[in-house]
Amino acid sequence: MGMGRGAGPKALGLFKILTVFLCTFHTAFSSSCKILKCNSEFWSTTSNSHHHTGAEDSVEFCTALRTYAHCTRRTARYCRGDLAYHSAVHGIDDLMSQHNCSKDGPTSQPRVRTPPPWDSQERSDSPEICHYEKNFHRHSATPNYTHCGLFGDPHLRTFTDTFQTCKIQGAWPLIDNNYLNVQVTNTPVHPGSTATATSKITIIFKNFQECVDQKVYQAEMDELPAAFVDGSKNGGDKSGANSLKIIEKVSGQHIEIQAKYIGTTIVVRQVGRYLTFAVRMPEEVVNAVEDKENQGLYLCLQGCPQNQQIDFRTFHSQTPETGSRRHGTGSNGSSFTPQMAGAKCKEKLPVEDLYFQSCVFDLLTTGDVNFTLAAYYAFEDVKVLHSNKDKLHLYERTTFGSGTAAPQSGLGMAMFFVAFVYLFQCCTVLL
């Protein structure tokens, strides 16, 4: 995150392990940590303070810092391991030292200031390097874009169009490359249930040349902010700051983050109580890692570990006609049969592809009709973000590698085996 290229692989690896550990430890407390509220309150009142140097403004800024510190102390017990919380605490100490603020004093809120003009206006002097497509066209043809999405209980579509249903409870890395990190936290849908859904998403955009400062975005259940954790809506004070910005599509339900300097668009939604994630990213950015051989887990690229995957067909064969064995009664007090779940999912997803199957699976495991909308919006995001319109629908689990469907019938398996034997014989003759 804050390390440059000089940091050794061991140091970077240790930092990543520590980050995952802290966020995993924090899972039980994440819904009560109110650091985002503290951040937004502070930055909404001080976003223009650096343009004022008078004594009155210095007093008000110190007052706001003390109020900020007081807010973090109130929520401290619920924020252990939260990256945004620890960043805020260290940031407060640094700012109080820089502005010679006393820790003792009034904590009333200063007057609300208007946001700086560059948060809402495009800069005309943004360097070309901060526009990925323009910079890319100078060296080669149009970039090849890929898509990854996570939704529901939870279902993962990787950058290679592999579709998986996973357990993955706790904190897991979705994306980890030279430009950004994305981590999701999945929690049980009901106490004691094995059904999980995404309750928290943390996105870290790394400092990049003259384009953007490091920025952190964090969404949680019932808290989908339209700003980064520092209260800003763009990439900071650099000349290319507006190559990264947040756009609120539907308040509290749908935000879009545009990172033009890396040609990336991210969509985060809250559907019901839980979150969904979708991204459109160039292949060059997807594969931009410093040490590919020692790279850690990266779900959007590598998929879920085998022991974390759930097979649709096995699950459906074990599901009784009267309802799900995985959870039984849903949060709405009723139980879906496979027929009822299928009929409900058909209302939003008429094509019986893997998004439809995911919807049925989620209704059987959770009983929560909001998961129908999660599958629906996940597919809507695919239609907007996926570059290949012929690959929008996926119909079979891709377990034999990228885009290769596993044989489903006895005849298909027999043909696969015969082809394999024939190929082996041909190779033997040639050798």
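Between atom CD of residue E380 and atom CG of residue L349 there is a gap of 8.5 Å, rounded to the nearest 0.5 Å.
Under the 6.0 Å cut-off for aromatic ring centres, H155 and F361 qualify, their centroids lying closer than that.
Under the 4.0 Å criterion applied to side-chain N and carboxylate O atoms, D368 and R273 are not assigned as salt-bridge partners.
Side chain of S199 to backbone of T185: a donor-acceptor contact under 3.5 angstrom is found. Using a distance-only test at 3.5 Å, with no hydrogens or angles considered, a donor-acceptor pair links the side chain of D153 to the main chain of T196. With hydrogens and angles disregarded, no donor-acceptor distance shorter than 3.5 Å links the side chain of K260 to the backbone of K245. In this structure, N39 contributes its side chain and V229 its backbone to a donor-acceptor pair below 3.5 Å. A donor-acceptor pair under 3.5 Å is formed between the side chain of T67 and the backbone N or O of T63.
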Inset, instruction - Decide yes or no on salt bridge (charged side-chain N to carboxylate O under 4.0 Å, His left out) for K200 and D82, but give the supporting numbers first. - result: CA-CA 11 Å; K200 181 178 178 181; D82 189 289; 3.0 Å; yes

Legend entry - Evaluation steps, side chain to side chain contact (heavy atoms under 4.5 Å, CB included), between V268 and I203: CA-CA 10 Å; V268 180; I203 306 170; 4.3 Å; yes

Legend entry - Stepwise side-chain hydrogen bond (donor to acceptor under 3.5 Å, both in side chains) test for H147 and D381: CA-CA 10 Å; H147 163 75; D381 290 336; over 6 Å; no

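Annotation: side chain of D213 is in contact with side chain of K238 (closest heavy-atom distance under 4.5 Å). Here the side chains of S232 and K215 are in contact, with some heavy-atom distance below 4.5 Å.
Under the ring-ring contact (aromatic ring centres under 6.0 Å, His included) criterion, Y355 pairs with F151, F163, F379, sequence neighbours left out.
Counting only residues at least two apart or in different chains, salt bridge (Lys or Arg N to Asp or Glu O under 4.0 Å) contacts with residues 347-364 comprise K344-E347, K346-E352.
For the residue pair E284/Y132, the side-chain donor-acceptor check at 3.5 Å is satisfied.
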